[in-house]
> 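The structure is given below, and queries will be raised subsequently.
In what follows, chains carry the letters A, B, and so on, assigned in the order in which the sequence lines appear, proteins first and then strands, with residues in each chain numbered from 1.
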Amino acid sequence: MPELLEVEAYRRAAARLAGRTVLGVDLPDGRYLRGVEPEVLRASVTGRSVVGVRRHGKLLIVDLGGPDARGPSLGLHFGMTGRLLVDGDAAIDGLRYGPAGNRAAWVRFGLRTAPAGGLEVIDPRRLGSVRLDPDPADLGPDAATLSTAQLSAALDSGRPLKAVLLDQGAVAGLGNLLVDESLWRARIRPDRVARALDPSERRRLARTIRSTVSDLGRRGGSDTGDLQEPRDARGTCPRCGAPLSRATVAGRTTFWCPAEQV
DNA sequence: CCGGATGTTCACCT
DNA sequence: GAGGTGAACATCCG
């Protein structure tokens with residue numbers, strides 16, 4: 001599920017943890033934690049207070065502090081099937097993997113807090129991960145607030161446009177659905193060479209990415225785009241009625257309107 | 001039964 | 001170095 005919009009919903013739900021103290025960490029799945037040993041993670045977060053919860057791209061960041069100083073932060077990635085429970089409640093409803101999807105066997109990570117509650121990550125396919133002190137340099141500028149200058153810098157590449165927009169190090173937060181929806185709204189083909197976009201296309205695309213993110217955010221998620229129904233039904237362009245094209249671009253299934261996207 | 005899926009990472013090519 | 005491909009992860013859905 002999680003593209004930027006879903007992780008933003010997770011952030012809102014997790015914001016209530018601010019002010020609580022970390023009691024402990026549950027790591028039922030050894031492979032879920034990356035780059036640091038479980039004991040090191042436990043030692044560095046236990047007893048800390050939750051200062052706040054941020055989001056950058058698809059990464060959820062729990063900032064910890066202490067009586068003394070600023071503390072470490074915890075980075076949560078949800079992959080394709082990760083969901084977040086806050087104090088035992090789903091941060092988002094209506095996701096895939098159904099109502100039975102909170103199965104205990106799929107709990108990959110837990111953060112217990114005082115005076116009560118905590119976080120749990122449920123991830124059937126184990127595509128997500130948890131890191132200590134995630135490096136901000138791994139992520140490009142956030143798609144929700146992407147400026148033309150930021151996009152333009154990211155587009156300095158000979159790769160297909162879609163590959164760049166999916167690259168979290170170039171632009172952070174967009175997934176397969178948001179990219180296709182944004183390109184369709186901006187009327188630009190996904191297989192264009194990124195570097196070849198002219199200045200007016202760059203302006204239009206940056207503006208369209210921001211408005212697509214906010215529009216689908218209001219509607220309720222990455223799967224609420226105008227392209228979603230024709231995508232599922234192999235249908236036609238909602239604007240002009242031409243049959244949508246479908247192909248693999250940058251390794252992902254891609255839909256676009258061959259009549260309008262140039 | 002088979003292919004595909006809102007994602008990332010890595011090994012291996014060209 | 002740049003870029004591409006395919007596999008792996010584990011489960012559900014059509």
> OP1 or OP2 of C/dA10 sitting under 4.0 Å from any side-chain N/O of A/Trp106?
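For C/dA10, neither OP1 nor OP2 has a side-chain N or O of A/Trp106 closer than 4.0 Å.
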> Rounded to the nearest 0.5 Å, what separates atom CG in A/Leu17 from atom OG in A/Ser49?
12.0 Å
> Measuring from the side chain of A/Thr253 (C-beta onward, heavy atoms only), which nucleotide among B/dA5, B/dT9, C/dT11 has the closest atom?
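Nearest to the side-chain atoms of A/Thr253, counting from C-beta on, is B/dA5.
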> If I take atom CG in residue A/Leu165 and atom P in nucleotide B/dT8, what distance separates them, rounded to the nearest angstrom?
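Rounded to whole Å, this separation is 13 Å.
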> With A/Val45, which of A/Val62, A/Val50, A/Leu64 fulfils side chain to side chain contact (heavy atoms under 4.5 Å, CB included)?
A/Leu64
> Find the distance between CZ (A/Arg187) and SG (A/Cys240) and round it off to the nearest 0.5 Å.
8.5 Å
> Choosing from B/dT8, C/dT11, B/dG7, which nucleotide comes nearest the side chain of A/Gln168?
B/dT8
> What integer distance in Å separates A/Arg246:CZ from B/dG4:P?
7 Å
> Could you tell me the separation between the NE2 atom of A/His77 and the P atom of B/dT9, rounded to a whole number of Å?
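Rounding to the nearest Å, NE2 of A/His77 and P of B/dT9 are 6 Å apart.
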> Which heavy atom of A/Asp156 sits nearest to which heavy atom of A/Arg195, and what is that distance?
OD1-NH1, 3.3 Å
> In whole angstrom, what separates A/Leu5's CG from B/dG7's P?
12 Å
> Kindly point out which of B/dG7, B/dT9, C/dC12 is positioned nearest to the side chain of A/Arg252?
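Ranking B/dG7, B/dT9, C/dC12 by closest atom to the A/Arg252 side chain puts B/dG7 first.
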> Do any N or O atoms of the protein come closer than 3.5 Å to N or O atoms of nucleotides 3-8 of chain C, and which pairs are they?
| residue | atom | partner | partner atom | Å |
| --- | --- | --- | --- | --- |
| C/dG3 | OP1 | A/Gly158 | N | 2.8 |

> In whole angstrom, what separates A/Asp123's CG from B/dT9's P?
14 Å
> CG of A/Leu60 versus P of B/dG7: gap in Å, rounded?
17 Å
> What's the gap between C/dG6 and B/dG3 when it is taken at their C1' atoms, as a whole Å value?
16 Å
> Given B/dG4, is OP1 or OP2 found less than 4.0 Å from the side-chain N or O atoms of A/Arg234?
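For A/Arg234, the contact criterion (side-chain N or O under 4.0 Å from OP1 or OP2 of B/dG4) is not met.
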> Determine whether the side chains of A/Arg20 and A/Thr113 contain a donor N or O and an acceptor N or O closer than 3.5 Å.
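Indeed, the side chains of A/Arg20 and A/Thr113 share at least one donor-acceptor pair under 3.5 Å.
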> So A/Leu84 and A/Val86, do their side chains get closer than 4.5 Å, heavy atoms only?
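Of all side-chain heavy-atom pairs linking A/Leu84 with A/Val86, at least one is under 4.5 Å.
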> Donor-acceptor check, side chain of A/Thr46 to backbone of A/Ala43, threshold 3.5 angstrom: yes or no?
no
> Calculate the interatomic distance between A/Asp167 atom CG and B/dG7 atom P; express it in whole Å.
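It is 13 Å, rounded to the nearest whole Å.
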> Give a yes/no verdict on a cation-pi contact between A/Arg239 and A/Trp184, requiring under 6.0 Å between NZ or CZ and the six-membered ring centre and an angle within 45° of the axis.
yes
> Based on Watson-Crick and G-U pairs with both distances under 3.5 Å, what dot-bracket line describes DNA chain B 5' to 3', crossing pairs as [ ] and inter-strand pairs as |?
.||||.||||||||
> A/Arg125 has a side chain; which of B/dA5, B/dT8, C/dC12 sits nearest to it?
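Given the options B/dA5, B/dT8, C/dC12, the side chain of A/Arg125 is closest to B/dA5.
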> Over all heavy atoms of both residues, which pair between A/Pro2 and A/Gly79 is shortest? Give the atoms and the distance, please.
CD-O, 3.5 Å
> Has A/Arg131 got a side-chain N or O lying under 4.0 Å from the OP1 or OP2 atom of B/dT9?
yes
> Check this for me: does any side-chain nitrogen of one of A/Arg108 and A/Asp26 sit under 4.0 Å from a carboxylate oxygen of the other?
no
> Between A/Tyr32 (OH) and B/dG7 (C1'), how many Å, whole number?
11 Å
> Counting heavy atoms from C-beta on, name the nucleotide in C/dC12, B/dT9, B/dA5 closest to the side chain of A/Met80.
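Side chain of A/Met80 sits closest to B/dA5.
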